[in-house]
Amino acid sequence: MTIQVYNTMKKKKEPFVPIREGFAGMYACGVTVYDFSHIGHARALVVFDVIYRYLKHLGFNVTYVRNYTDIDDKIIKRAQEEGVTYKEISERYIKEFDYDMELLGVEKPTHAPRATDHIPEMIAMVQALVDKGFAYEVDGDVYFKVSRFSEYGKLSGKNIEDLSAGARVEVDERKQSPLDFALWKKSKPEEPFWECPWGKGRPGWHIECSAMSQKYLGKTFDIHGGGMDLIFPHHENEIAQAECATGEPFARYWIHNGFVNINQQKMSKSLKNFFTIRKILETYHPEVLRLFLLSNHYRSPVDYSEQNLTEAKTGLDRLYALLKDMDEIQAAARKSAELSPAEEKMRDDVQAFSEKFTEAMDDDFNTAAALGHLYTLTRTLNMFIDQKKKDPSVHISDETIKRAQEQFQKVGSIFGLFNESPHSYFQKQREKGLTAAAISPEEIERLIAERLAARKAKDFKRADEIRNQLAEKGIILKDMPQGTEWTTKDI
RNA sequence: GGCGGCGUAGCCAAGUGGUAAGGCAGAGGUCUGCAAAACCUUUAUUCAGCGGUUCGAGUCCGCUCGCCGCCUCCA
């Protein structure tokens, strides 16, 4: 069964057929490293991480390339502000980015090239464009001549006439047309530069992705992705450069993720409604953020709000609670040849989930629908576990539990969830809550013991008093058959 | 002005021709001394509005209203 992928170029879903059977080449535009990465970056990174993982899961041999833009105006500006070299800024934020990705559980791509490590490739491409008459040099700057590429606009659905009419770019007199864009920029004094046929200069923004994607994936490759905002002009320009330079088609499938809004407002620096990944992960477990992001289809806009994150946390808690229960039941389960009707049904549901999950993911990576099915399975499993808790004689075989656990492992490995043992997941949460509660576990245990004594003596007034007292500090008690457990209140 | 998207229950959110997934919140119940957790039941005759195509439409077409993105660096 081939998967369906929405291709921005065609504006519709189409079957994904790679150039070479069994292989997939994928390039996703990475970040410009001049500051900490934010929630918007996180979404793009998580979306393509999941696409990467899913393609691998399907058995594709995937080459995934994600670049670092480590030379550009913003980096240079930042370096000048701090009085350090551009390299110091870019390397610093590459390190920070890598750290964020590790926290977020984003898999390393096959290649993570830096733009500045590929200057010769870029110069060669610019030279090829000049030689073929697609680009022209003006006083050290080299521009791409948009009018020479009749297909310009095919990705974004724009045409050259409309663009010319609506151009609000300040017109650079030296450009032959306002639409022409820089392939190579002459360096100003004090700016980093590389020697090239046009003097001292540095690459324009778009050229790096064309050069690096081709180096690692070939002239024509399968998937090119990034945020919606990159469709125009970045990806449009990449296509123009690459196809004119090589004379061959560039990427075949264009995948773009939607934006993140903050409390229904566009995220922007001027509104200061900006959240860095680092900041969010101080409060929320990384998997909460992933679950939240994957609860929406990747092309829809998603609204970041505390309520939505808290909801995601509730969901993740529920899933981990089930995993914990399954671990416990598994430990006590026995082999059995005979299945009760309830267990039969459970196996059927597990199997049904497996099929529905695949169906959802095959349909343009519909993680939201896939998660819906996971919750349905969760309810089925909880139902059985609930019965078993009430009546320990209810039997279940280890094989059935194993099959259910395997489905969760599969989802976990594709979505980047359930990387922790349920025990450590809840343990961490308790530790976090404890810090906020300012009470020691020993003190809690002491109060629980005191409450137990009170309950045994039927002094429920005192027992409730203790429970309320702990609740005020954010400690929630649960009276279980085997004793009293405690958790911390949700953030 | 050009291009594109969206509008599904209190909230979040799947669903591109076959009769409305899932989650959160709420209500009732099982369990509990009472709770918590879990489970059960329940919550959209209806998918912004109006027309049209069709045996059949959130789903396709047209119009209207409302929101948003891109066209400038941006995931």
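Below, chains carry the letters A, B, ... as their sequence lines are ordered, and counting in each starts from 1. Since we're looking at a predicted model, the values are computed, not measured. Side chains are part of it too, since the values below use all heavy atoms of this structure and drop only hydrogens, waters and symmetry mates.
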Indicate, with a heavy-atom threshold strictly under 4.0 Å, whether [X] touches base, sugar-phosphate, or nothing.
X	answer
A/G30	sugar-phosphate
A/F460	base
A/V260	base
A/L230	sugar-phosphate
A/S37	nothing
A/T487	nothing
A/D73	nothing

Rounded to the nearest Å, what distance is computed from the [atom1] atom of residue [X] to the [atom2] atom of nucleotide [N]?
X	N	atom1	atom2	answer
A/D464	B/A35	CG	P	10 Å
A/L291	B/A14	CG	P	13 Å
A/D391	B/C31	CG	C1'	14 Å
A/R299	B/A13	CZ	P	15 Å
A/K158	B/G5	NZ	P	12 Å
A/Y152	B/C3	OH	C1'	14 Å

Open item on the list: I want to confirm an ordering. Mapping A/I39 and A/K13 to their closest nucleotides on RNA chain B, which one lands closer to the 5' end?
Closed with: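 It is A/K13, whose closest nucleotide lies nearer the 5' terminus.
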Open item on the list: Pick the closest RNA chain B nucleotide for A/R451 and for A/H38 by heavy atoms, then say which residue is nearer the 5' end.
Closed with: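 In this pair, the answer is A/R451.
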- [ ] Could you tell me whether the side-chain ring of A/F259 sits stacked on the base of B/A75, using a centroid cut-off under 5.5 Å and a plane angle under 30°?
- [x]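 Check passed, A/F259 stacks on base of B/A75.
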Under 3.5 Å on both distances, the Watson-Crick or G-U partner of [N]:
N	result
B/U19	none
B/C24	B/G10
B/C3	B/G69
B/U45	none
B/U54	none

TODO: List for me each residue that meets side chain to side chain contact (heavy atoms under 4.5 Å, CB included) alongside A/A368, sequence neighbours excluded, and say none if there are none.
DONE: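 Side chain to side chain contact (heavy atoms under 4.5 Å, CB included) check on A/A368 returns A/N366.
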Counting the benzene-type ring for Trp, do [X] and [Y] have ring centres under 6.0 Å apart?
X	Y	value
A/F365	A/F16	no
A/H285	A/Y425	yes
A/H38	A/F274	yes

Open item on the list: So, using ring pair (Phe, Tyr, Trp, His ring centres under 6.0 Å) as the criterion, who are the partners of A/Y93 when residues are at least two apart?
Closed with: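 Ring pair (Phe, Tyr, Trp, His ring centres under 6.0 Å) list for A/Y93, sorted by chain: A/F36.
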Task: Under 4.0 Å protein heavy-atom contacts per nucleotide of nucleotides 20-27 of chain B, with B for base, S for backbone only and - for none - done: -BSBS---
Open item on the list: To check you understand the geometry: which heavy-atom pair defines the closest contact between A/Y27 and A/M212, and what is its length?
Closed with: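 A/Y27 and A/M212 have their closest heavy atoms at OH-CE, 4.0 Å.
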Taking only N and O in the side chain of [X], is any of them less than 4.0 Å away from OP1 or OP2 of [N]?
X	N	answer
A/N296	B/A13	yes
A/K390	B/A38	no
A/T484	B/A35	no
A/N308	B/C11	no
A/N382	B/C39	yes

TODO: Enter syn or anti for the glycosidic conformation of B/G58, syn applying to angles within 90° of 0.
DONE: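 Glycosidic conformation of B/G58: syn.
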Open item on the list: Classify the ring geometry of A/H224 against A/H235: parallel below 30°, tilted from 30° to 60°, perpendicular beyond 60°.
Closed with: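 Aromatic pair A/H224/A/H235 classed perpendicular.
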TODO: Please determine, for the side chain of A/M383, which listed nucleotide (B/C71, B/C39, B/G33) has the closest atom?
DONE: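 It is B/C39.
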Task: Under 3.5 Å donor-acceptor, A/T488 side chain and A/L434 backbone - done: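 Judged by distance alone, no pair lies under 3.5 Å.
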Open item on the list: I'd like to know if the side chain of A/N257 reaches the main chain of A/Y298, judged simply by a donor and an acceptor atom lying under 3.5 Å from each other, with no hydrogens or angles considered.
Closed with: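 Here the side-chain-to-backbone pair does not exist.
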Task: Nearest-angstrom distance, C1' atom, B/C65 to B/U54 - done: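 Comparing C1' positions in B/C65 and B/U54 gives a spacing of 26 Å.
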